[in-house]
Amino acid sequence: MTTSYSSGSEYATAKPAKLFGRERPIHDVLGGGKVADVLLWKNRNASGGLLIGMTFIWFLFEVVKYNFVTFLCHISITSMLVFFIWSTAADIFNWNPPKIPQNILQESAFKELATTFHTRFNQVSSKLLNMAGKRDLPAFLLAIFSLYTLSVVGNYFSFLNLLYLGIVSMETLPFLYDQFEDNVDYFVGKVIQDMKMKYRMFDSMFLNKIPRGPVKEKKVR
């Protein structure tokens, strides 16, 4: 009972920590560049364009059941026809001919996206392994439950559905967290403290009462 009371006192007086134990602003955690601006809707045109574009692609392939190769061929045919008609009309009416861009997609955007993905992947992998190596049962069980839930959900959704759901979540959850950061940190901190308190009670009432054999010291030759 004493242990429970002291844990409750610590919980009541402790200041809730930041989500996932971070110390930097959420913009820096997401990379601090153009990708973070898009995810936090600081660049509303790019964020809206990405969301609308992904919604259009998801609608084509999941609702209309468009074939990917057919889609690429139709896009290429349409683009070539537009340039052909434009070039022909420019010769007839003395208009300025269409300018063919050197780069359709900027290389820097792909590099920044790949760098951000590489950094986040390493951080998540290191965090999961760190949870497995430390004696933090609530965080370990939460990670196992989350991964198992994701694996079950993956059985009922196609890859494109999961990709679209992931992009929508990436464009909404960080933005909502940035808007309601204090409330989310308080709620999550309260849940984590509650889980740790219950684990300490379980540890003191059951785990510590399990008899353990004497630890033999290794002889040094």
Side-chain angles (χ1 to χ4, degrees), residues 15-58 61 68 101-155 157-193 195-196:
K15 183 179 179 180
K18 295 293 184 180
L19 191 62
F20 304 122
R22 63 180 180 83
E23 298 179 355
R24 297 179 298 165
I26 187 65
H27 187 270
D28 294 341
V29 173
L30 294 174
K34 295 180 180 179
V35 175
D37 291 339
V38 171
L39 296 181
L40 294 176
W41 288 78
K42 296 185 181 298
N43 186 348
R44 295 184 179 275
N45 292 333
S47 301
L50 176 62
L51 186 60
I52 293 173
M54 282 304 304
T55 303
F56 178 72
I57 292 175
W58 172 82
F61 295 121
F68 182 70
Q102 294 289 335
N103 296 318
I104 304 298
L105 297 174
Q106 295 295 327
E107 183 180 0
S108 59
F110 283 94
K111 284 184 176 180
E112 186 171 358
L113 183 62
T115 301
T116 302
F117 175 78
H118 176 262
T119 304
R120 296 286 86 79
F121 178 80
N122 286 335
Q123 288 179 349
V124 171
S125 300
S126 177
K127 192 78 173 178
L128 292 176
L129 294 177
N130 192 36
M131 287 179 184
K134 288 187 176 180
R135 196 183 177 188
D136 191 356
L137 187 61
F140 177 75
L141 292 178
L142 181 62
I144 293 294
F145 177 76
S146 301
L147 291 173
Y148 178 75
T149 303
L150 183 61
S151 68
V152 172
V153 171
N155 290 328
F157 291 90
S158 66
F159 176 75
L160 185 59
N161 278 329
L162 283 177
L163 179 63
Y164 177 67
L165 181 62
I167 290 179
V168 172
S169 300
M170 289 171 60
E171 284 218 20
T172 53
L173 295 181
F175 173 74
L176 292 175
Y177 175 71
D178 188 48
Q179 298 295 315
F180 305 100
E181 181 176 354
D182 294 336
N183 295 330
V184 175
D185 287 339
Y186 176 78
F187 177 76
V188 174
K190 185 177 178 181
V191 172
I192 292 176
Q193 289 289 345
M195 292 177 65
K196 288 183 177 179

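If you're wondering where the values come from, they're calculated on a predicted model, not measured in any experiment. Scope of the values below: all heavy atoms of this structure, side chains included, with no hydrogens, waters or symmetry mates. FYI, the numbering just counts along the sequence from 1.
From L39, atom CG reaches atom CG of L173 across 10.5 Å, with rounding to the nearest 0.5 Å. Note: F175 CZ to M170 CE = 15.5 Å, rounded to the nearest 0.5 Å. Within the model, atoms OG of S158 and CG of L165 stand 10.5 Å from one another, a figure rounded to the nearest 0.5 Å. In this structure, CG on L51 lies 13.0 Å from CZ on R44, to the nearest 0.5 angstrom. Distance check: Q193 CD to K196 NZ gives 6.0 Å after rounding to the nearest 0.5 Å. For the atom pair N183 CG and Y177 OH, the distance stands at 11.0 Å (nearest 0.5 Å).
Contact detail for I57 and L160: the closest heavy-atom pair is O-CD2, 4.4 Å. In plain terms, the two heavy atoms of G154 and L162 that are nearest each other are CA-CD1, 3.9 Å. Between W41 and G48, the shortest heavy-atom distance links the atoms CZ3-N, 3.7 Å. When all heavy atoms of P174 and S169 are compared, the pair lying nearest together is CD-O, 3.4 Å.
Within 6.0 Å of CE in M195 there are more than 12 heavy atoms belonging to other residues, nucleotides or ligands. No more than 12 heavy atoms of other residues, nucleotides or ligands lie within 6.0 Å of CZ in F140, so this atom counts as exposed by the packing criterion.
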TODO: Take V184 and L176 through the test side chain to side chain contact (heavy atoms under 4.5 Å, CB included) and record every step on the way to the result.
DONE: CA-CA 10 Å; V184 175; L176 292 175; over 6 Å; no
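For S151, the side chain to side chain contact (heavy atoms under 4.5 Å, CB included) partners at least two apart in sequence or on another chain are Y148. Judged as a side chain to side chain contact (heavy atoms under 4.5 Å, CB included), and not counting sequence neighbours, F117 has no contacts.
When atom types are taken as modelled, the side chain of S126 and the backbone of N122 share no donor-acceptor pair closer than 3.5 angstrom.
The residue from V168, I167, N161 that alone fulfils the side-chain contact (heavy atoms from CB on, under 4.5 Å) condition with Y164 is V168.
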